[in-house]
Amino acid sequence: SQEDLEKAMAFYDYVEIQPLECYRPLIEQHSVATMDRLKEILRNIIETGKSLGKIVVATGDVHYLTTEQKIYRDIYIQAQGIGGVRNPLYVYNAERRRKTKSPNQRFLTTDEMLDAFAWLGKELAYEMVVTNTNKITDMTEVIIPVHDRLYPPSIEGANEKLEEICYKTAHE
């Protein structure tokens, strides 16, 4: 319901939607009736997010960098996990599985993202793909996941002990 949607959105700082291609399995699995209905749902998410003062941003739901790497994602989708669990994109019906292709979720350039969201109109697509992604970037602090220099452990007396060992070894 609209109320449930608003409650869910209230928790988040921003809302993201992906290119239509990423939602194709919902149509193939009949969770969403048509592409037009999907667009209607996504427009409602955008409008609701805006009405709640949330930034709505276009993201690629990227799982790999290049088209050639898609095969690894396809293998992952088909693989059986621990305890027999399956990826949500796995199609249980063997005949449908042979005919079904997983969505293309490679990294898209800015122009490709603008094309993917062209159905929203040029201005709204630009806002979500460029303007709002920059707003998210501005909200995010810079972090360095790998240290840029050595950070040896700080152990009390370690420097003195190391110096002692070095001199002792040198004298020997």
Side-chain angles (χ1 to χ4, degrees), residues 1-140:
S1 71
Q2 184 64 27
E3 184 181 328
D4 289 339
L5 176 62
E6 290 174 11
K7 266 190 215 174
M9 282 187 178
F11 177 77
Y12 296 98
D13 296 323
Y14 63 92
V15 177
E16 59 181 89
I17 67 169
Q18 287 84 34
L20 296 173
E21 167 69 8
C22 295
Y23 299 104
R24 186 172 36 80
L26 295 176
I27 294 171
E28 290 173 353
Q29 296 167 1
H30 307 290
S31 295
V32 177
T34 65
M35 186 60 73
D36 287 337
R37 176 65 181 132
L38 174 61
K39 289 177 181 179
E40 185 181 313
I41 291 167
L42 293 175
R43 280 190 185 99
N44 183 50
I45 289 171
I46 294 166
E47 290 168 14
T48 302
K50 285 184 169 197
S51 74
L52 295 174
K54 304 294 181 179
I55 298 170
V56 183
V57 63
T59 63
D61 194 24
V62 176
H63 287 269
Y64 41 89
L65 190 59
T66 66
T67 303
E68 293 77 24
Q69 295 170 335
K70 183 178 186 291
I71 191 168
Y72 303 114
R73 173 84 172 140
D74 291 341
I75 291 168
Y76 175 72
I77 290 168
Q78 299 305 317
Q80 189 171 10
I82 297 171
V85 296
R86 293 286 190 173
N87 184 286
L89 294 177
Y90 180 78
V91 177
Y92 286 89
N93 180 288
E95 186 177 328
R96 276 191 51 231
R97 184 170 54 247
R98 283 190 288 278
K99 296 176 184 177
T100 303
K101 289 185 175 181
S102 65
N104 181 8
Q105 293 175 291
R106 71 171 175 81
F107 181 79
L108 301 177
T109 66
T110 301
D111 285 340
E112 290 169 328
M113 285 290 284
L114 288 169
D115 287 344
F117 288 93
W119 60 274
L120 290 171
K122 196 172 186 173
E123 284 182 29
L124 184 54
Y126 188 86
E127 176 186 332
M128 292 181 48
V129 171
V130 178
T131 306
N132 289 355
T133 54
N134 284 318
K135 285 180 183 177
I136 300 297
T137 299
D138 293 342
M139 292 168 54
T140 308

- [ ] Verify whether one side chain among E21 and N104 offers a donor that lies under 3.5 Å from an acceptor in the other.
- [x] no
TODO: Measure the CD-CE distance between E16 and M128 for me, rounded to the nearest 0.5 Å.
DONE: 10.0 Å
Task: Residue pair N44 / Q2, side-chain donor-acceptor N/O under 3.5 Å - done: yes
Task: Spacing of L42 atom CG and E47 atom CD [to the nearest 0.5 Å] - done: 11.0 Å
Open item on the list: Tell me if the CD1 atom of I75 is crowded by more than 12 foreign heavy atoms within 6.0 Å.
Closed with: yes
Task: Donor-acceptor under 3.5 Å (D61 side chain, C22 main chain) - done: no
Task: Shortest non-hydrogen separation from I55 to M139 and the atoms involved - done: CD1-SD, 3.7 Å
TODO: Measure from the side-chain N and O atoms of T133 to the backbone N and O of V130, and report whether any donor-acceptor pair falls under 3.5 Å.
DONE: yes
- [ ] For residues P19 and M113, report the shortest heavy-atom separation together with the two atoms involved.
- [x] CG-SD, 4.2 Å
Task: Gap between atom CD1 of I41 and atom CG of D36 - 0.5 Å precision - done: 11.0 Å
- [ ] May I ask you to decide if S102's main-chain N or O and R24's side chain share a donor-acceptor pair within less than 3.5 Å?
- [x] yes
- [ ] Drop me the distance from T48's OG1 to L5's CG, to the nearest 0.5 angstrom.
- [x] 4.5 Å
Task: Donor-acceptor pair, side chain of R97 and main chain of V91, under 3.5 angstrom - done: yes
Open item on the list: Ignoring hydrogens, what is the shortest heavy-atom contact between R96 and N93? Give both atom names and the distance.
Closed with: N-OD1, 2.8 Å
Open item on the list: Assess, by modelled atom type and distance only, whether the side chains of S1 and D4 contain a donor and an acceptor separated by less than 3.5 Å.
Closed with: yes
- [ ] Please assess Y92 against Y90 for the test ring pair (Phe, Tyr, Trp, His ring centres under 6.0 Å), listing each intermediate value before the final yes or no.
- [x] CA-CA 6 Å; Y92 286 89; Y90 180 78; 4.8 Å; yes
TODO: List the steps, then state whether side-chain contact (heavy atoms from CB on, under 4.5 Å) holds for V129 with T110.
DONE: CA-CA 7 Å; V129 171; T110 301; 4.2 Å; yes
- [ ] Could you tell me whether R106 and E68 have a side-chain N and a carboxylate O separated by less than 4.0 Å?
- [x] no
Task: Considering all heavy atoms, the nearest V85-I82 contact - done: CG2-O, 3.4 Å
- [ ] For L120 and A125, work out which heavy atoms get closest and say how close.
- [x] CB-N, 4.4 Å
TODO: Would you mind telling me which of K135, K50, K122 makes a side chain to side chain donor-acceptor pair (under 3.5 Å) with E127?
DONE: K50
- [ ] Answer whether the closest heavy-atom distance between the side chains of K54 and V15 falls below 4.5 Å.
- [x] yes
Task: Nearest-0.5 Å distance, NE2 of residue H30 to CD1 of residue I27 - done: 10.5 Å
TODO: Would you check if the side chain of Y23 reaches a backbone N or O of Q18 as a donor-acceptor pair within less than 3.5 Å?
DONE: yes
Open item on the list: Does Y64 have more than 12 heavy atoms from other residues, nucleotides or ligands lying within 6.0 Å of its OH?
Closed with: yes
Task: Y14 side chain reached by V56 side chain, heavy atoms, under 4.5 Å - done: no
Task: Test side chain to side chain contact (heavy atoms under 4.5 Å, CB included) applied to T109 - qualifying residues, sequence neighbours left out - done: D111, E112
- [ ] State whether the side chain of Q69 and the backbone N or O of T66 hold a donor-acceptor pair below 3.5 Å, judged by distance alone.
- [x] yes
Open item on the list: Counting C-beta onward and ignoring hydrogens, is there a side-chain heavy-atom pair between K99 and E95 closer than 4.5 Å?
Closed with: yes
TODO: Determine which pairs satisfy salt bridge (charged side-chain N to carboxylate O under 4.0 Å, His left out) with at least one residue from residues 72-89, sequence neighbours left out, and list them in order.
DONE: K70-D74
Task: Approximate separation, where rounding is to 0.5 Å, of T67 OG1 and F107 CZ - done: 12.5 Å
